[in-house]
Amino acid sequence: MITPSGSSSHHHGEQITEFTDLVGRYRALGNSGDSTRFSPHRHESGSGFLMMRILVLARAEVQRFVGSRRGLVSLLAFCLLWYAALTWFVLPAGRLASGGAGAGIDVLLDEYLSLGNLLRWPAQEYAAWWVAALYLLPFVSVVASADQIASDRARGTLRYLILRASRLEILAGRFLGQALIMAVATLVTMLSTLALVWYQHQSLVPNTRWAGEDGVVPIVGLAALALWMTLLPWISLMALVSALARTPSQATRYALIIWIVLSIAAAWLSSRWGSNVVLDHLLPGSPVRTLLSRIGSEAMVPASIGLLHAAVFLVAAALVMCRRDL
Amino acid sequence: MVNTSLLSCKALVRRYGRTRALDGVDLELAGGAPIALVGPNGAGKTTLFSVLCGFVRPTSGEVRVLGHRPGSSALRGQLGALPQDALLAPRRTVGAQLEDFARLQGMTRAVARSERERVLDVVDLAGVARQLPDSLSHGMGKRVAFAQSLIGSPRLVLLDEPTAGVDPPNVRVIHGLIREMAGQIDFMISSHNLDELERLTDRVVYLDSGRVSARGAIANDDSASSQIGRLTITLETIQASAAEQAAFALTQLESISACRATPRGDLVAEVVNEDLAARDVIEWCAAHNVSWRRLARGRSLEARLYDD
């Protein structure tokens, strides 16, 4: 046991005059003694304070993503993929009635939708959007959210945060930030499809009304919400992967491997046993087959399974975060 | 100066696999002058620092920082730290990140912004708020890191190698700030640079092989309680034989009871009256045409830790 003495026993006598200005400024700005050690600026108040902190972390995550190379690559990949989907898949779907749909609509009908399901949508473009987004956006979310933790831990940035926020708050903030990013991506797909429908038909609702049970707003709006809910398990899975990985590149490799394995597993299980409740609860991505035939509010129940998956992965990620060194 | 328990460790152990980075650290430190945490590579300094900050969890033992467990929410705003080699996120501006830190400590947006400006002003980098961290030099980056540790005017600031790789002008700025703020903030500084630490404090905790060594007590007690006065003389010559000859000659002086040359080349003289001995040394040097560069009371920290 060592108990050093409490005060300096000798002075070096060196005059540090060049620093007087700096320290004078420090004091002038409100730090002149013990009374200012405890900041008078805090407004800690339970859950409101917690929410504010998570929102600060979420906003930082969005800014970090947008400014990062990974964010730019993800954004570029998303734009290119979605442009291709609009051009080769969604746009031709609107020409079904005129017979000018081309090969894309054959694939849509053969592989994903029955003609009956296709025609239930207010416009065929919405059906094509639904199918394309259900398969495309999970991939985008996996790539985009693969580095929620790993690079900041490798760089030491998390150490600055952990002095001011708990590990769980950091995890929640980053998850929320990524969820917001994917909400924007989902909205972009929806709004671009609405614009396409408007361009094609000079109306958003060629075959139905705006509102009401079969109106375009509840059908497409709820479909977009369901779509976003199916992305949450992927984002939370990537939170877990990123918490486990040592480096960002390792997190990306894990992410791609997991996405491919789970997608293949879900497709194989669906093809072997068909879409059923047990399978839908088993893997993230499994409910996609079920969701294909649902429109509007019908999609909410299978999509809500995603919330369950997200919760499980987040709990696992929280356990990893709490146990790992930073 | 608040004189409550600053840091407390009891039988603190941290293992990495089979390696015991901390092997039963017992430590009780009160507030006061800055505390130097020294020791050779692999001694466990950064691990102890990381445990105190809550970056890593102890394998066993008890740790309290300002009376709280490391990582406790009660420490937010009271504990600041400059972790070694930690970097800010590269693609967000310095100002945005410091403002977020202040907000996480509970400040409103407006107060967080002024706090950001204040701490950057303290380290004389008021103009870098809009810059990206990558655009700063290493020294400026360290000063920004030092600035973040001051957000919210914490009670205790832990600095891990705060001047490693920093050029002399930036080192002087950081030292000046520590020296002047030591009256309001308790500092614990981990460093390999004993000359640097000696200029900042004489309170030393010496870690060796994951334990607090008795050398720490030697370093602290040397000038505080010992009855033997010491002088350290640095000669212009760097030849070991010349230093040894000078040490032998100085031993013959009446005011000096013993004198020896250290491996570093300094002469350490044991004296009863430091002022009298200093005068005799200067006169002896002048009489024998020996050039001296520095004459100081006591021994250097390096000599106290390693020369016995």
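Per chain, numbering begins at 1; letters A, B, ... match sequence-line order.
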Salt-bridge criterion met for A/Arg164 and B/Asp100 (N-O under 4.0 Å): no

Salt bridge flag under 4.0 Å for residues B/Arg14 and A/Asp325: yes

Is it the backbone or the side chain of [X] that comes under 4.5 Å from a heavy atom of chain A, or both, or neither?
X: B/Ala145; result: both
X: B/Ser50; result: side chain
X: B/Arg92; result: side chain

From CZ (A/Arg159) to CG (B/Asp85), nearest 0.5 Å: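 Output value for this atom pair is 9.0 Å.
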
Under 3.5 Å donor-acceptor, A/Arg53 side chain and B/Leu104 backbone: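 Flag set: sc A/Arg53 to bb B/Leu104 pair under 3.5 Å.
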
Short side-chain to backbone donor-acceptor contact, A/Tyr160 and B/Ala86, under 3.5 Å: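 Answer holds: yes.
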
Contact leader toward chain B among A/Glu169, A/Arg59, A/Arg69, where contacts are heavy-atom pairs under 4.5 Å: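 That would be A/Arg59.
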
Please list every donor-acceptor pair under 3.5 Å in which a side-chain atom of residues 316-324 of chain A meets a protein atom from a residue at least two apart or in another chain.
from: A/Arg324; atom 1: NH1; to: A/Ala243; atom 2: O; distance (Å): 3.3
from: A/Arg324; atom 1: NH1; to: A/Leu244; atom 2: O; distance (Å): 2.5

Side chain, backbone, both or neither of A/Arg167 within contact of chain B (heavy atoms, under 4.5 Å):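 Only the side chain of A/Arg167 comes within 4.5 Å of chain B.
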
Structural part of A/Leu163 lying under 4.5 Å from a heavy atom of chain B: both

Flag if over 12 foreign heavy atoms under 6.0 Å of OH, A/Tyr83: no

Atom CZ of A/Arg155 with >12 non-hydrogen neighbours under 6.0 angstrom: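 Enclosed.
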
Pairs flagged by salt bridge (Lys or Arg N to Asp or Glu O under 4.0 Å) wherever residues 171-184 of chain A is involved - sequence neighbours left out: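 As it turns out, the salt bridge (Lys or Arg N to Asp or Glu O under 4.0 Å) pairs with a partner in residues 171-184 of chain A, which skip direct neighbours, are A/Glu61-A/Arg174, A/Asp152-A/Arg174.
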
